[in-house]
Amino acid sequence: MATNCWRLVRQPSSVPRQNGVSLTCPAALLRRFRAGNLFSGIDTANLRRVFCVSCALSSPNRGDGLPEDGIPRIIISTGANDKPSTQASRRRASSSPRNLSSATEALAGQRSAANMENPPVLARSPTYTSREALRGASDPGPPSGFKWEYLVALCTLGVVICYADRSNMSTAVLPMAQQFGWDKAYQGVVLSVFFGGYATTQILGGKLADQYGGKMVLAAGVALWSLFTYATPAAAAAGTLPLLLSRVMLGVGEGVAFPSIHSLIARNVPVQNQTTAVGIVTAASYAGTALAFGISPLIISNFGWEWVFYSFAGLALLWLPLWLPIQTVDKFQPQVAAQPAAAAGEAAEIAVSGDGSRPWALLRRREVWAICATQYAQSWGMYGLLNWLPTFFSDFYHVQLSDLGSYTLLPYVFQGGLGAATGFLADYLIRSGWRVGTVRKILQVVGMLGPAACLCLAVSPLVGASASLASGLITLGLGFSALTLGGVSASHLDVAPRNAGLVFGAGNTAATLAGLVSVPVTGYLLQTTGSWPLVFGITAFHYVAGALIWSLWSGDRALPEDGGSQRPEAAGK
């Protein structure tokens, strides 16, 4: 049937003609199809709407057919100001060759006036178009007084607190190991057990945020992880089991943070600004790490290691009163109103081929596996540096505890600034006409191969005994790593905008598993071999492998399993 439909629409010789001119009116085509029994048992109402959209490309009168002068018009009409020609004017235009030119000019003038009021829908980036199709005329819009910039700012502050609370242990573990007699292997267990709890709530947090809204999921996570941050000193004094339980519960609370934030971004931030928002929010993780690495040595030197946990836990008391009063757009609702022709056509295609009721099927897609594998490879290096960087400078370059801040702070400050700029850069390139997939691939591959090279150089004989030069190389490497905020960190918004929290949770679970494995493995290697070049070489290998997988498997279009016929609905919270 599809072949016959295409022949009838595109081949003038096979279409009814009047006075030598082909007619492509959808109603006439449907009557011809019915007469020929070309479709039986098919919903002709839906088929008629499809014909109307396709015929709008060649008709100035809402798909009523080609003009009688036989000249096709490439125009998309909304029908708001269309005025059909009278039957008399049509007869005059078709029967009198002398009036052909004047009739054509008159029709062209009418089209120009109409197009000034109703400009045609222009083609957009392939991915952004499908994501914008989720938001249309029937969207109730954000709550009164809502500002997405304010939401992103509060999410950014929440992420700063999150990473400060998880990173303070990396510095505090040095005096704690001296006080409690911990060796390197046990330090690795204390640092890594956090990721065991962190992995358990990634997918769960994303799914809850997608289904019920991310606002209260994030608030509950902040409250939980702050409580166990405060309890860490008492747990360490009580023994191994209470300390490890406290670290696990810290991870459980922090596990819902990023999935709920990315779910909120997918629903509350305009599509053309979403990569920017992701870049800013994710760069806040580097800012939180820099805060912990910069301030923790000073707090330990002046007040004792316990106050690192007490002071950072208290930051939640400043954040929650700002967060709880805001209203957010939390849910997707079925589309109930017509969209412009271009958006409606793509949304209809996604709705037919996709099934929004089967989000778990997304986890079988190659594009989602690319996110998971790349997150794992990238986070092997990220979490390894996050947890062992102070120990690296202390052991390899013999930097004193009081001076660690100057070596461990700068890399994350630079990474945070460049990460925020990367979000702007990615959105700018896409708006300028670059393909979404091209932008994601370039930024991700450079953001993984750069750190691999810099880490290898940081422990090479070329650096010698210069801690400053090694710090500069690590800073440069983490700067390259920040480019990935325009790559894998935003890819879930491309391939699964409706289930962004779930897909991000899956990728972050893989990243968490990398931390769960890499941190104790690094501790074991250091305990048995004492070789930092070996540790950094394994990290570089992971970066290279992740770049290769991403270049082969990553996607840039909304997946059919995600569905595309739904849009956000205000929750009024």
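- Checked by atom type and distance alone, the side chain of K441 never pairs as donor or acceptor with a backbone atom of W550 at under 3.5 Å.
- Residues S296 and N168 have side chains that never bring a donor and an acceptor to within less than 3.5 angstrom of each other.
- For the residue pair W360/E561, the side-chain donor-acceptor check at 3.5 Å is not satisfied.
- The ring pair (Phe, Tyr, Trp, His ring centres under 6.0 Å) search around Y150 returns none, not counting sequence neighbours.
- Scanning for ring pair (Phe, Tyr, Trp, His ring centres under 6.0 Å) contacts around W553 gives an empty result, with sequence neighbours left out.
- At a threshold of 4.5 Å between non-hydrogen side-chain atoms, the residues V519 and F195 count as touching.
- Listed by chain and residue number, Y186 satisfy the side-chain hydrogen bond (donor to acceptor under 3.5 Å, both in side chains) test with T240 (two or more places apart in sequence, or in another chain).
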Before giving the answer on ring-ring contact (aromatic ring centres under 6.0 Å, His included), spell out for F424 and Y428 the whole-Å C-alpha distance, their side-chain angles and the decisive distance to 0.1 Å.
CA-CA 6 Å; F424 288 99; Y428 172 78; over 10 Å; no

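- Every residue was checked against the ring pair (Phe, Tyr, Trp, His ring centres under 6.0 Å) condition with W148, not counting sequence neighbours, and none meets it.
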Would you please test Y310 and Y230 for ring-ring contact (aromatic ring centres under 6.0 Å, His included) and show each step?
CA-CA 5 Å; Y310 298 150; Y230 182 84; 5.1 Å; yes

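- In this structure, the side-chain contact (heavy atoms from CB on, under 4.5 Å) partners of Q527, at least two apart in sequence or on a different chain, are D183, K184.
- With sequence neighbours excluded, no residue forms a ring pair (Phe, Tyr, Trp, His ring centres under 6.0 Å) with W369.
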